[in-house]
Amino acid sequence: MQLNINGRNHNVEVEADTPLLWVIREQVGLTGTKYGCGVAQCGACSIHLNGEVVRSCLLPVSAVKPGDRIVTIEGLSRDSSHPVQKAWAELDVAQCGFCQSGQVMAAAALLRKKPKPTDKDIDEAMTNICRCGTYHRIRAAIHRAAGTKTAAADVAADAGNTTV
Ligand code: FES
Ligand code: FES
């Protein structure tokens with residue numbers, strides 16, 4: 001079958017029930033998308049399918065239709081210039097980094113739908129798990145990317161400084 005990933009067509013030969021995550025990683029060689037739980041709970045495997053964020057670890061490759069557009073972290077921008085990627089770097093969001101590609105993909109999908117999200121919007125949309133607990137910086141970076149409020153307060157709170 002043929003998959004369009006990050007704007008390029010890839011011909012892959014896989015069983016129909018192979019999870020899309022493994023096709024992306026093993027067949028196509030794009031390893032920025034991570035395997036965490038394997039049961040659609042943690043979000044480490046998040047990608048965009050036709051602009052919607054999906055968890056690729058449980059999605060069978062056969063669910064991808066001809067003409068569907070898959071975007072992985074490698075294709076979000078050519079040079080890490082997506083506003084979410086820039087905000088992530090500016091606020092030094094990542095700790096171990098394992099969950100972060102999924103977090104960035106989820107955040108980018110959120111901002112496409114809601115360019116000016118509230119804290120509530122962010123909390124509802126960002127259900128990805130971070131075992132390092134970078135949630136405050138994730139929220140702050142989303143606000144930074146959106147040009148909305150509370151980034152400074154969130155970063156200060158994450159650093160244990162409640163005076164800002
Ligand atoms: S690996 Fe897919 S949601 Fe955890
Ligand atoms: S940065 Fe380590 S799991 Fe999120």
Side-chain angles (χ1 to χ4, degrees), residues 4-8 19-22 24-25 28-59 68-164:
N4 185 284
I5 303 176
N6 300 334
R8 292 182 56 189
L20 179 59
L21 172 62
W22 297 116
I24 290 170
R25 287 182 58 87
V28 182
L30 296 172
T31 56
T33 308
K34 303 303 185 192
Y35 173 79
C37 64
V39 290
Q41 293 295 308
C42 74
C45 63
S46 298
I47 58 154
H48 294 175
L49 181 61
N50 299 325
E52 299 284 333
V53 67
V54 299
R55 296 182 174 181
S56 61
C57 64
L58 275 190
L59 187 73
D68 280 354
R69 292 171 294 108
I70 296 164
V71 175
T72 69
I73 187 70
E74 292 90 346
L76 193 59
S77 67
R78 290 188 180 185
D79 50 3
S80 300
S81 61
H82 187 284
V84 170
Q85 292 172 306
K86 287 168 68 175
W88 244 246
E90 287 167 12
L91 296 186
D92 207 8
V93 172
Q95 194 163 319
C96 81
F98 192 83
C99 74
Q100 295 292 327
S101 64
Q103 304 278 7
V104 166
M105 296 307 280
L110 165 63
L111 291 181
R112 191 179 301 121
K113 279 190 175 167
K114 291 194 174 174
K116 301 292 180 190
T118 63
D119 285 345
K120 185 167 178 284
D121 294 332
I122 294 170
D123 290 346
E124 286 176 358
M126 296 298 294
T127 58
N128 294 29
I129 292 170
C130 174
R131 295 179 71 176
C132 298
T134 62
Y135 299 109
H136 287 299
R137 292 200 298 274
I138 287 170
R139 182 196 272 184
I142 292 171
H143 279 303
R144 172 75 63 100
T148 47
K149 64 175 180 61
T150 77
D154 270 359
V155 169
D158 194 35
N161 178 357
T162 56
T163 60
V164 175

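- Sorted by first and then second residue, the ring-ring contact (aromatic ring centres under 6.0 Å, His included) pairs with a member in residues 33-55 read Trp22-Tyr35; sequence neighbours excluded.
- In this structure, Ser56 OG and Ile70 CD1 are separated by 9.0 Å, a value rounded to the nearest 0.5 Å.
- With sequence neighbours excluded, the residues satisfying side-chain contact (heavy atoms from CB on, under 4.5 Å) with Asp123 are Arg139.
- By the side-chain contact (heavy atoms from CB on, under 4.5 Å) test, Ala125 pairs with Leu110, sequence neighbours left out.
- Note on residues 97-116: pairs passing salt bridge (Lys or Arg N to Asp or Glu O under 4.0 Å), not counting sequence neighbours, are Glu52-Lys113, Lys114-Asp121.
- Remark: Thr72 OG1 to Asn6 CG distance equals 3.5 Å, nearest 0.5 Å.
- For residues 84-101, the set of pairs meeting the salt bridge (Lys or Arg N to Asp or Glu O under 4.0 Å) definition, not counting sequence neighbours, comprises Glu90-Arg144.
- Residue pairs satisfying the salt bridge (Lys or Arg N to Asp or Glu O under 4.0 Å) criterion with at least one member in residues 124-136, sequence neighbours excluded, are listed as follows: Lys120-Glu124.
- Considering only heavy atoms from C-beta on, Ile122 comes within 4.5 Å of His143 through its side chain.
- Counting only heavy atoms from C-beta outward, the side chains of Arg55 and Asn128 approach each other to under 4.5 Å.
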Please tabulate, for side-chain N and O atoms in residues 95-102, each donor-acceptor pair with protein atoms closer than 3.5 Å (sequence neighbours left out).
from: Gln100; atom 1: OE1; to: Trp88; atom 2: NE1; distance (Å): 2.6
from: Gln100; atom 1: NE2; to: Thr134; atom 2: OG1; distance (Å): 3.2
from: Ser101; atom 1: OG; to: Gly32; atom 2: O; distance (Å): 2.7

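- Contact of the Leu59 side chain with the Ile47 side chain is not registered, since no non-hydrogen atoms from C-beta on lie closer than 4.5 Å.
- Closest approach of Val71 to Leu76, counting heavy atoms only: CG1-N, 4.0 Å.
- In this structure Ser77 satisfies the side chain to side chain donor-acceptor pair (under 3.5 Å) test together with Gln85, sequence neighbours excluded.
- For Thr148 against Pro117, the heavy-atom pair with the smallest separation is OG1-O, 4.0 Å.
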